[in-house]
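Only one structure is covered here, and it is reproduced in the block below.
Any value given below was found using the heavy atoms of this structure, including those in side chains, with hydrogens, waters and symmetry copies removed.
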Amino acid sequence: YAAELGITQACEEEAVRQLHELRERAAQTDDGAAVADDEHFYAEQNARLVKNAEEYYRSMFAARVSSWNLRDCHMADTLDALVRHFEGKGIASRVVVWEHNSHLGDARATEMGEEGEWTVGQLVRERHGDQARLIGFSTYTGTVTAASEWDAPAERKRVRKGMAGSYEALFHDAGVPDFFLPLRDGGPAAEALREARLERAIGVIYLPASERWSHYFHARLADQYDAVIHYDHTRALHPLERTPRWESGEPPETFPSGL
């Protein structure tokens, strides 16, 4: 099947060859000093993207390695490449990465890590140590912009109340609607949140009907993040293009009775 789609070893080898050529060309000037100007940097990143994407899609068909790991490793490598590029220009870099909790948290504190998967957050911690800060978001209920399946249009969906026994329910029961909770330096809160509990992850897709199996996993929050920001009630992110489907949102829970 992979061969029918044109996924051949030759494509991967060509992408790697071009990447090596770009690196050799970018690493030399007339006096032999290292250089990484913007054009070379962009070209190298594009070549790396082609190479990694080819490997990623090949893994989906051949199951050689986890496609999740390949994707998150590519994101972490891109982050490091950006930092090196700016530092090469004499620009001290402080980087903020905005992504879903399932990519940002340290996988070693979750069921994902137990299954051999890693995340950007884990890789950044391993590579940069105390310079990294992993901050997660949590919510109990509200609305979210997500799709019902891959490549489907965005919808405005209601977020179900956090399940009993979850971190979301625990934070709701604390009676403080919105708060910032530091976990890095220990303390009673961090110790209490080191016990494995259910944690919800909503990403591109949200399936309320199968929420327990589609969106919950066990995690040790105090080991997963350096801090957590909790909003008891969240509002959906507004897409740049609001479709009629997004504008209408889901029907009220009382539909069709209206009571």
Side-chain angles (χ1 to χ4, degrees), residues 53 56-57 60 66-72 74-76 78-79 96-107 109-113 115 117-122 134-172 177-181 197-219 221 224-225 227-256:
Y56 171 78
Y57 287 109
M60 294 178 66
S66 168
S67 58
W68 176 282
N69 286 356
L70 288 171
R71 184 171 52 160
D72 275 47
H74 171 77
M75 290 190 284
T78 300
L79 173 62
V96 176
V97 178
W98 182 277
E99 58 185 339
H100 290 135
N101 280 357
S102 54
H103 292 285
L104 185 100
D106 191 327
T110 71
E111 289 182 33
M112 294 172 57
E115 296 172 358
E117 294 186 330
W118 57 65
T119 54
V120 174
Q122 174 185 340
L134 310 184
I135 302 176
F137 279 86
S138 170
T139 191
Y140 179 69
T141 188
T143 57
V144 67
T145 294
S148 294
E149 59 185 58
W150 291 103
D151 294 327
E155 303 173 46
R156 183 159 44 110
K157 294 169 170 270
R158 284 192 310 274
V159 177
R160 289 192 170 187
K161 296 178 180 179
M163 291 186 62
S166 68
Y167 285 111
E168 290 76 17
L170 178 67
F171 291 159
H172 171 74
D178 309 318
F179 57 83
F180 173 80
L181 180 62
R197 285 177 176 266
L198 286 174
E199 179 182 317
R200 178 164 53 192
I202 300 175
V204 175
I205 295 173
Y206 181 47
L207 304 173
S210 60
E211 187 173 57
R212 170 60 183 93
W213 308 112
S214 301
H215 299 284
Y216 276 95
F217 59 94
H218 285 91
L221 200 74
Q224 187 183 10
Y225 299 111
V228 170
I229 298 174
H230 177 77
Y231 290 101
D232 210 54
H233 189 278
T234 189
R235 289 181 298 175
L237 182 70
H238 290 197
L240 295 177
E241 296 183 8
R242 303 186 195 180
T243 63
R245 190 168 184 174
W246 187 92
E247 291 284 5
S248 62
E250 292 182 310
E253 294 182 357
T254 55
F255 180 85

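By the side-chain hydrogen bond (donor to acceptor under 3.5 Å, both in side chains) test, His238 is found to be paired with Arg242, residues two or more places apart in sequence or in another chain being considered. Applying the side-chain hydrogen bond (donor to acceptor under 3.5 Å, both in side chains) criterion to Trp118, with sequence neighbours excluded, gives no partner residue. Taking the side-chain hydrogen bond (donor to acceptor under 3.5 Å, both in side chains) definition, one finds that Thr243 meets it with nothing, sequence neighbours left out. Not counting sequence neighbours, the partners of His230 by the side-chain hydrogen bond (donor to acceptor under 3.5 Å, both in side chains) test are Ser138, Asp232. Not counting sequence neighbours, Arg160 has no partner by the salt bridge (Lys or Arg N to Asp or Glu O under 4.0 Å) test.
Looking only at side-chain heavy atoms (C-beta outward), Pro208 and Arg158 stay at 4.5 Å or farther from each other. Thr234 has its side chain out of reach of Tyr140: every pair of non-hydrogen atoms, C-beta onward, lies at least 4.5 Å apart. Counting only heavy atoms from C-beta outward, the side chains of Val159 and Tyr206 approach each other to under 4.5 Å. In this structure the side chain of Gln224 reaches within 4.5 angstrom of the side chain of Glu199, judged on heavy atoms.
Sorted by first and then second residue, the salt bridge (charged side-chain N to carboxylate O under 4.0 Å, His left out) pairs with a member in residues 201-212 read Arg200-Glu211; sequence neighbours excluded.
Nearest heavy atom pair, residue Ser214 against residue Leu207, reads OG-CD1, 4.0 Å. Taking each heavy atom of Ala146 and Gly203 in turn, the nearest pair found is CB-O, 3.9 Å. The shortest non-hydrogen separation linking Tyr231 to Asp178 is CA-OD1, 3.3 Å.
Within 6.0 Å of atom CD in Glu247, more than 12 heavy atoms from other residues, nucleotides or ligands are found, so the atom counts as buried in its surroundings.
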